[in-house]
Amino acid sequence: MITPNRQTKRRRIAILGGGPSGLFLFQRLLASKNKDIEIDIFERRSRLGAGMPYSSCGANNEHITNVSENEIPELVTSIAEWAKTVPREILDQYHIDPDNFNEYKVLPRLFFGMYLTAQFDLLLEKAKSIDIKTAVHLECHVEDVIDKPELNETWVAVKEIGILKFDAVIICTGHHWPKKHEGDVPRYFDAPYPPAKLNLHLNHNVAIRGSSLTAIDAIRTIARSNGTFFKNEDQNLTYQVFEHSANFKISMHSRSGMLPAVRFHLEDSHLSNDSLLSADEIAAHIKKNDGFLSLDYLFEKDFIEIFREKDNEFYQQIKGMKLEDFVAEMMQLREQLDPFQLLSAEYVQAAKSIKRKETIYWKEMLGVLSFAMNYPAKYLSAEDMQRLQHTLLPLISIVIAYVPQSSCEELLALHQAGALELVAVGEDSEVVPERENGGAVYHGKYYPTYIDCVGQPHLNYSQFPFKSMLTNKTISPARLRFKSEEEGRLAFESGKKEVEKGEDGTYYLHVSGIAINDSFQVLDSYGAYSDRIYMMAVPYMGGLNPDYSGLDFCEEASKRIVGRMLG
């Protein structure tokens with residue numbers, strides 16, 4: 001066991017994971033101006049900043065961000081400033097002109113990853129200049145986290161180093177896709193990452209499960225391996241399969257039979273709004289509502305009411321609507337139109353929005369609502385969480401995907417070439433791996449290649465990687481109480497496995513991941529929060545934080561964590 005030098009009384013903080021979450025957390029720690037800390041950063045890859053999405057683990061040259069510089073929370077330098085320091089050969093590789101940089105345009109993901117790495121380097125220099133001792137451990141594997149409450153310490157077991165002792169640990173381990181059949185079943189992929197594995201010559205029909213940005217990532221890669229995009233005489237993007245891939249076709253499967261919406265101009269690029277409910281207003285409502293946050297109250301105050309002044313015509317259309325009514329109204333058009341016709345129409349609408357710098361206000365406010373309800377979602381009743389999961393989130397996931405224009409152009413080109421179709425599969429579609437022949441039978445049809453692209457799965461409590469935290473009950477499963485005892489009892493007696501009856505007779509709905517409080521502190525089996533362990537790893541908090549992706553989340557979560565830790 002390695003015991004760190006304790007000559008100083010500085011508080012020792014461990015950041016497990018050096019991707020975007022770790023970057024924003026490190027920046028927030030340095031900005032706190034607290035000099036009585038030492039920081040250790042552990043990263044299993046060879047560089048900091050990029051994480052999975054913005055490195056070769058999650059992107060090829062063809063992959064782009066769905067945010068532009070103006071939508072990125074502030075770091076040390078802007079992308080425009082940093083781009084002027086980048087070698088010409090890299091700028092040329094990604095077609096970047098630093099003298100004509102457009103802060104409203106999306107960027108290649110690998111290029112953006114270089115920017116994040118550079119920002120981490122600048123922060124490390126800043127830490128040194130202000131005498132914040134920081135140790136960076138690259139290419140190391142954290143095997144376990146062992147809490148020692150009797151010592152007021154948390155131990156981190158690192159394969160390459162041993163055990164280190166800390167006063168606080170923040171888990172920022174990032175994305176994780178568990179493998180179920182990949183590697184055992186030929187041409188069966190549990191996730192499209194790393195994308196290099198999809199550089200395959202395929203002369204057959206490929207099944208893709210999902211129609212989100214993750215699915216588009218896979219499509220952009222396999223399309224290039226089996227054909228080429230080019231502009232025709234009318235300057236429209238066209239696709240042509242290679243001769244050796246004459247039978248290549250992509251069948252994208254969606255439960256709703258819908259494609260995500262196109263990126264448009266955001267009036268407020270950081271998902272904030274002065275008209276939103278304050279923390280005090282939410283707390284007062286919860287106190288009056290038997291300890292629950294009402295989803296209807298949140299929808300009314302943080303969505304419907306905001307249109308009264310901003311877009312009164314739209315407000316008149318939707319005032320008085322319940323959440324289910326609004327979702328049905330918005331979904332109706334999408335259900336009636338062919339998804340590729342709708343994509344084409346939205347592409348034109350979004351292009352006008354970007355050119356004129358005019359937002360599509362109801363779509364923007366849906367993104368704001370999603371971001372605003374993320375943190376207090378743990379106070380929803382079990383009934384309201386089910387409504388959120390089954391009614392509102394499907395609409396949100398479609399509308400705020402913000403598919404970049406170039407991705408839309410490629411999807412339309414593939415479809416027009418007969419190389420891409422969308423199949424509606426409903427809620428109960430089945431995937432059966434084909435161990436002998438490879439691929440899978442999906443929705444009753446055999447596909448020689450199958451790629452699961454539903455996005456980051458919400459992982460369960462039992463899948464948590466640091467097993468001592470489960471054994472010692474340092475963490476507990478995330479769950480929500482039923483407001484109606486009758487509804488809880490009926491759900492329990494119907495045999496729903498996610499519903500349990502507590503020792504006090506109260507009924508609970510289990511949701512994915514582990515229990516955390518408003519400051520992202522883990523909760524033990526008694527519901528007590530830890531002053532030493534904070535959770536910022538997205539796959540393990542999705543049950544209580546439904547909208548947890550993106551750099552805005554990294555910024556807000558880091559603010560709450562550091563405010564609690566050092567405040």
Side-chain angles (χ1 to χ4, degrees), residues 53 56-66 106 108-110 177 182 187-230 236-242 245-263 338-344 346-347 397-398 401-425 431 439-440 442-443 445 447-456:
S56 59
C57 296
N60 284 342
N61 286 339
E62 66 268 14
H63 295 126
I64 54 176
T65 64
N66 69 330
V106 295
R109 285 223 296 269
L110 293 178
W177 280 267
E182 185 174 333
R187 298 184 310 282
Y188 185 107
F189 301 97
D190 286 309
Y193 307 116
K197 69 187 180 185
L198 299 183
N199 291 325
L200 305 169
H201 297 306
L202 304 171
N203 193 23
H204 54 246
N205 201 176
V206 178
I208 285 185
R209 179 178 175 229
S211 60
S212 67
L213 294 172
T214 304
I216 294 172
D217 274 357
I219 288 169
R220 289 186 76 124
T221 297
I222 59 174
R224 282 165 171 76
S225 297
N226 296 280
T228 183
F229 291 99
F230 61 94
N236 293 320
L237 194 68
T238 305
Y239 183 75
Q240 177 69 52
V241 296
F242 296 140
S245 299
N247 297 312
F248 171 72
K249 183 178 181 180
I250 303 167
S251 293
M252 182 166 43
H253 297 73
S254 163
R255 284 185 300 180
S256 63
M258 299 180 191
L259 291 168
V262 187
R263 171 185 164 80
D338 173 86
F340 289 98
Q341 286 182 334
L342 181 58
L343 182 68
S344 181
E346 285 193 327
Y347 173 81
S397 67
I398 288 171
Y402 303 148
V403 179
Q405 268 61 39
S406 66
S407 292
C408 296
E409 291 168 2
E410 291 190 10
L411 293 180
L412 292 169
L414 285 162
H415 179 65
Q416 289 161 6
L420 175 65
E421 65 175 348
L422 182 66
V423 180
V425 294
V431 180
Y442 184 22
H443 196 53
K445 181 178 177 180
Y447 295 92
T449 297
Y450 168 83
I451 310 170
D452 195 320
C453 297
V454 294
Q456 172 63 64

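Residue numbers run from 1 in the order of the sequence given.
Under the rule for a ring-ring contact (aromatic ring centres under 6.0 Å, His included), the partners of His201 that lie at least two apart in sequence or sit in another chain are His244.
Residues Ala207 and Tyr447 share a closest heavy-atom pair of CB-CG, 3.3 Å. In this structure, Tyr450 and Arg209 approach most closely via the heavy-atom pair OH-CD, 3.1 Å. In terms of heavy-atom proximity, Leu110 sits nearest to Ala59 at CD2-O, 3.7 Å. For the pair Ala218 and Pro192, the tightest heavy-atom approach, listed with the atom from each and the gap, is CB-CB, 3.8 Å. Across all their heavy atoms, Ala246 and Asn203 have their closest contact at N-OD1, 3.1 Å. When all heavy atoms are compared, the tightest approach of Ser56 to Pro194 is O-CB, 3.6 Å.
Residues Phe229 and Leu237 meet the side-chain proximity criterion, which asks for heavy atoms closer than 4.5 Å. Side-chain atoms of Ile219 and Leu411, non-hydrogen and from C-beta on, do get closer than 4.5 Å to each other. The side-chain heavy atoms of Cys408 and Leu343, taken from C-beta on, include a pair separated by under 4.5 Å. Side-chain atoms of Leu342 and Leu259, non-hydrogen and from C-beta on, never get closer than 4.5 Å to each other. For the pair Gln456 and Trp177, the minimum side-chain heavy-atom distance is below 4.5 Å.
Going from atom CZ of Phe242 over to atom CG of Leu202 covers 12.0 Å, rounded to the nearest 0.5 Å. Taken from OG1 in Thr449 to CG in Leu198, the straight-line distance is 9.5 Å, to the nearest 0.5 Å. We find the CZ-CG distance between Phe230 and Asn236 to be 11.0 Å, quoted to the nearest 0.5 Å. Between the CG atom in Leu213 and the CZ atom in Arg263 there is a gap of 11.5 Å [rounded to 0.5 Å]. For the atom pair NE2 of His443 and OG of Ser251, the computed distance is 11.0 Å after rounding to the nearest 0.5 Å. In this structure, CD1 in Ile451 is found 11.5 Å from CG in Asp190, a value given to the nearest 0.5 Å.
Ser211 places a side-chain N or O within donor-acceptor distance of the main-chain N or O of Met258, the cut-off being under 3.5 Å. Side-chain N or O atoms of Tyr188 include none that pairs as donor or acceptor with a backbone N or O of Ala440 at under 3.5 Å. Checked by atom type and distance alone, the side chain of Asn66 never pairs as donor or acceptor with a backbone atom of Val403 at under 3.5 Å. Without hydrogens or angle criteria, His63 side chain to Asp217 main chain gives a donor-acceptor distance under 3.5 Å. The closest donor-acceptor contact from the side chain of Asn226 to the backbone of Leu200 lies under 3.5 Å. In this structure, the side chain of Tyr239 engages the main chain of Ala223 through a donor-acceptor pair within 3.5 Å. Under the 3.5 Å distance criterion, the side-chain polar atoms of Asn205 are left unmatched by any main-chain donor or acceptor of Pro448.
Side chains of Gln240 and Thr228: no donor on one and acceptor on the other come within 3.5 Å. With no hydrogens or angles considered, a side-chain donor-acceptor pair links Glu62 and Thr221 at under 3.5 Å.
Aromatic ring pairs are classed by plane angle as parallel below 30°, tilted from 30° to 60° and perpendicular above 60°; the pair His253 and Tyr442 is tilted.
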Exercise for review: For Leu422 and His415, run side-chain contact (heavy atoms from CB on, under 4.5 Å): C-alpha distance rounded to whole Å, both residues' side-chain angles, the deciding distance at 0.1 Å, then the answer.
Suggested key: CA-CA 9 Å; Leu422 182 66; His415 179 65; over 6 Å; no
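Pairs engaging residues 403-413 under the side chain to side chain donor-acceptor pair (under 3.5 Å) rule: Arg220-Ser406, Arg220-Ser407, Arg220-Glu410, Arg224-Glu410, Tyr347-Glu409 [sequence neighbours left out].
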